[in-house]
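The analysis underlying the following values was restricted to heavy atoms, covering all of them including side chains, and did not include hydrogens, waters or symmetry mates. Position 1 is the first residue of the sequence, and the numbers go up from there.
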Amino acid sequence: MKRRDMLKTTAALGLFLPGISGLARGEDSPNERLNVALVGLGNQGGYQVNGLKSQNYVALCDCDERMGGKVFEAYPDAKKYFDYRKMFDEMANQIDAVAVSTPDHSHFHPAFTALSLNKHLYLEKPMAHSVSECRILTELAREKKRATQLGMQRHANPGMRRIVEAVKSGVIGDVTDVYVWINSSRGMPEPLPFEPAPEGVHWDVWVGPAPFREFSSGLCPYKWRFWWDYGTGETGNWCCHNMDMAFWALDLTYPEFVSATGPERDAERTPQALESVLKFPAHGNRKAVTMHWGQGMPEYAKNFARESGLKLGNTLFVGTRGTLSCDYSRFDLWPSDTFSQWQAPEPTIPNSPGFHREWIDACKGGTPASCNFDYSGKIAEAGLLANAAYRIGAKEGIRWNAETLRSPDTTEIDAYTYPTYRKGWEI
């Protein structure tokens with residue numbers, strides 16, 4: 001596929017401005033409803049089942065009947081599938097939009113198929129399993145002019161809008177560094193116990209494009225997240241949520257440098273801790289910014305908490321005039337005496353009508369959803385790039401060319417940014 005110039009990232013990508021009638025309403029008349037197919041019905045898929053139920057479900061797909069059973073029963077008029085490939089083969093002409101909520105390793109294939117068939121797409125984070133897959137989906141969605149939304153539902157939180165407005169107001173001056181983290185030590189699971197697949201689990205479809213293993217309850221239905229062949233660890237799990245404020249407030253594009261450190265690397269299992277540095281070049285009126293990502297709170301943030309006495313959330317913006325500490329809904333300015341008279345700017349970013357509602361209306365010709373792939377793809381790529389840097393042991397860091405998706409310093413990272421698919425699952 002031909003690579004095109006990326007659209008310029010602006011604050012407008014974070015806005016949701018009324019563009020069509022019915023934007024704020026939660027229901028549609030029968031003639032206005034989208035014909036939706038759901039791929040993946042359990043765990044996070046249940047959020048989509050509930051969030052899109054104002055539309056018309058024409059197809060439901062889950063290769064694990066244990067996870068999909070209750071949804072299949074709740075919507076008997078929708079056709080039931082265990083393999084999304086068969087669903088698209090039989091029903092492509094009857095589907096307007098698709099929501100994919102599968103494990104990370106199987107995001108790309110159904111998403112690529114849906115977009116190739118000109119379907120609107122809602123996709124769970126972190127978009128895909130590798131950097132190159134994220135870029136392909138971003139460019140394909142733009143080429144096909146389809147409405148997209150990545151599952152970063154916290155983006156709809158009104159408090160995030162006030163944080164973004166505060167940072168953009170220049171209250172803490174030029175932001176030089178931003179620290180973002182997730183307080184979690186999940187990873188390095190116990191070795192897998194292999195066992196016969198339970199009845200109703202279509203295991204070959206579940207494994208999909210990944211290297212084949214026999215069934216294990218240590219993978220399915222949830223702990224796949226901490227095995228590199230299927231998941232992306234806590235960085236993939238949380239980067240799109242927690243990096244969101246930094247990308248939104250600072251109009252970040254793509255990094256030009258990445259480094260990563262952590263515990264001793266394991267070829268199969270994701271770590272319990274990870275620290276990555278991503279350097280972003282100057283953009284527009286913004287100077288260069290360094291992002292410090294951590295699975296676990298960075299030492300800088302720990303020291304800041306002790307010095308300030310503040311209870312920290314998950315993000316610190318460090319500027320030339322001060323520091324802004326925040327979570328998804330609130331923020332503090334430090335030093336507190338410096339900002340005691342500061343007044344927040346008048347709100348300029350409208351509230352979301354609802355995260356799923358944004359996408360529904362975008363599918364019908366309205367304003368692009370706030371986490372469309374032109375915005376969210378950059379965030380997904382950053383997190384997955386941090387993972388790749390950790391897996392090759394890039395402690396001192398490497399340069400990164402966001403146009404070619406290659407490093408001029410090493411080809412070792414290519415193995416983790418350009419995946420190889422199991423025979424029969426090639427794209």
Under a 3.5 Å cutoff, is there a donor and acceptor pairing between the side chains of [X] and [Y]?
{"X": "T232", "Y": "N387", "answer": "no"}
{"X": "D244", "Y": "H155", "answer": "yes"}
{"X": "H202", "Y": "E65", "answer": "yes"}
{"X": "N56", "Y": "N35", "answer": "yes"}
{"X": "D96", "Y": "H120", "answer": "no"}
{"X": "W238", "Y": "S184", "answer": "no"}
{"X": "E358", "Y": "S370", "answer": "yes"}
{"X": "N118", "Y": "K145", "answer": "no"}
{"X": "Y47", "Y": "Q153", "answer": "no"}

List the atom of [X], the atom of [Y], and the distance in Å for their closest heavy-atom pair.
{"X": "L123", "Y": "A111", "value": "CD2-CB, 4.0 Å"}
{"X": "V180", "Y": "N242", "value": "CG1-O, 3.1 Å"}
{"X": "G383", "Y": "T235", "value": "O-CG2, 3.4 Å"}
{"X": "L312", "Y": "A301", "value": "CD1-O, 3.3 Å"}
{"X": "S259", "Y": "A389", "value": "C-CB, 4.4 Å"}
{"X": "M188", "Y": "Q272", "value": "CB-CG, 4.1 Å"}

Side chains of [X] and [Y]: closer than 4.5 Å at any heavy-atom pair?
{"X": "P196", "Y": "F215", "value": "no"}
{"X": "S132", "Y": "P419", "value": "yes"}
{"X": "I398", "Y": "I413", "value": "yes"}
{"X": "S54", "Y": "R33", "value": "no"}
{"X": "W293", "Y": "M243", "value": "yes"}
{"X": "T138", "Y": "M127", "value": "yes"}
{"X": "V178", "Y": "L316", "value": "no"}
{"X": "I182", "Y": "N314", "value": "no"}

Give a yes or no on whether a salt bridge exists between [X] and [Y], defined as a side-chain N under 4.0 angstrom from a carboxylate O.
{"X": "K168", "Y": "E165", "result": "no"}
{"X": "R213", "Y": "D229", "result": "yes"}
{"X": "R422", "Y": "D204", "result": "yes"}
{"X": "R357", "Y": "D361", "result": "yes"}
{"X": "E234", "Y": "R225", "result": "no"}
{"X": "D414", "Y": "R406", "result": "yes"}

Please say whether the positively charged group of [X], taken as NZ for Lys or CZ for Arg, lies over the ring of [Y], i.e. under 6.0 angstrom from the six-membered ring centre and within 45 degrees of the axis.
{"X": "K80", "Y": "F72", "result": "yes"}
{"X": "R286", "Y": "F280", "result": "no"}
{"X": "R135", "Y": "Y254", "result": "yes"}
{"X": "R161", "Y": "W248", "result": "no"}
{"X": "R269", "Y": "W228", "result": "no"}

Donor-acceptor check, side chain of [X] to backbone of [Y], threshold 3.5 angstrom: yes or no?
{"X": "H105", "Y": "V207", "value": "yes"}
{"X": "E214", "Y": "F194", "value": "no"}
{"X": "E426", "Y": "G424", "value": "yes"}
{"X": "Q295", "Y": "W181", "value": "no"}
{"X": "W359", "Y": "P368", "value": "no"}
{"X": "N43", "Y": "G45", "value": "no"}
{"X": "Y230", "Y": "P211", "value": "yes"}
{"X": "K287", "Y": "T176", "value": "no"}
{"X": "H107", "Y": "H129", "value": "no"}
{"X": "Y57", "Y": "K79", "value": "no"}

Would the number of heavy atoms belonging to other residues, nucleotides or ligands and lying under 6.0 Å from CD of E199 be above 12? no

Just wondering, are more than 12 heavy atoms of other shown residues or ligands nearer than 6.0 Å to NZ in K223? no

Ring geometry between [Y] and [X] (parallel below 30°, tilted from 30 to 60°, perpendicular above 60°):
{"X": "H356", "Y": "Y122", "result": "parallel"}
{"X": "F112", "Y": "F108", "result": "tilted"}
{"X": "Y300", "Y": "Y179", "result": "parallel"}

CA sep, side-chain torsions, deciding dist, call: H109, Y84, ring pair (Phe, Tyr, Trp, His ring centres under 6.0 Å): CA-CA 9 Å; H109 283 65; Y84 75 87; 7.6 Å; no

Taking it one step at a time, do L384 and Y416 satisfy side-chain contact (heavy atoms from CB on, under 4.5 Å)? CA-CA 9 Å; L384 297 178; Y416 304 113; over 6 Å; no

Identified side chain to side chain contact (heavy atoms under 4.5 Å, CB included) counterpart of W400 within the set T417, D409, L278: T417

Could you walk me through whether D374 and R142 satisfy the side-chain contact (heavy atoms from CB on, under 4.5 Å) test, starting with their C-alpha distance in whole Å, then the side-chain angles of each, then the deciding distance to 0.1 Å, before giving a yes or no? CA-CA 8 Å; D374 275 318; R142 189 185 310 126; 2.6 Å; yes

Taking it one step at a time, do L34 and I360 satisfy side-chain contact (heavy atoms from CB on, under 4.5 Å)? CA-CA 8 Å; L34 298 168; I360 291 168; 4.3 Å; yes

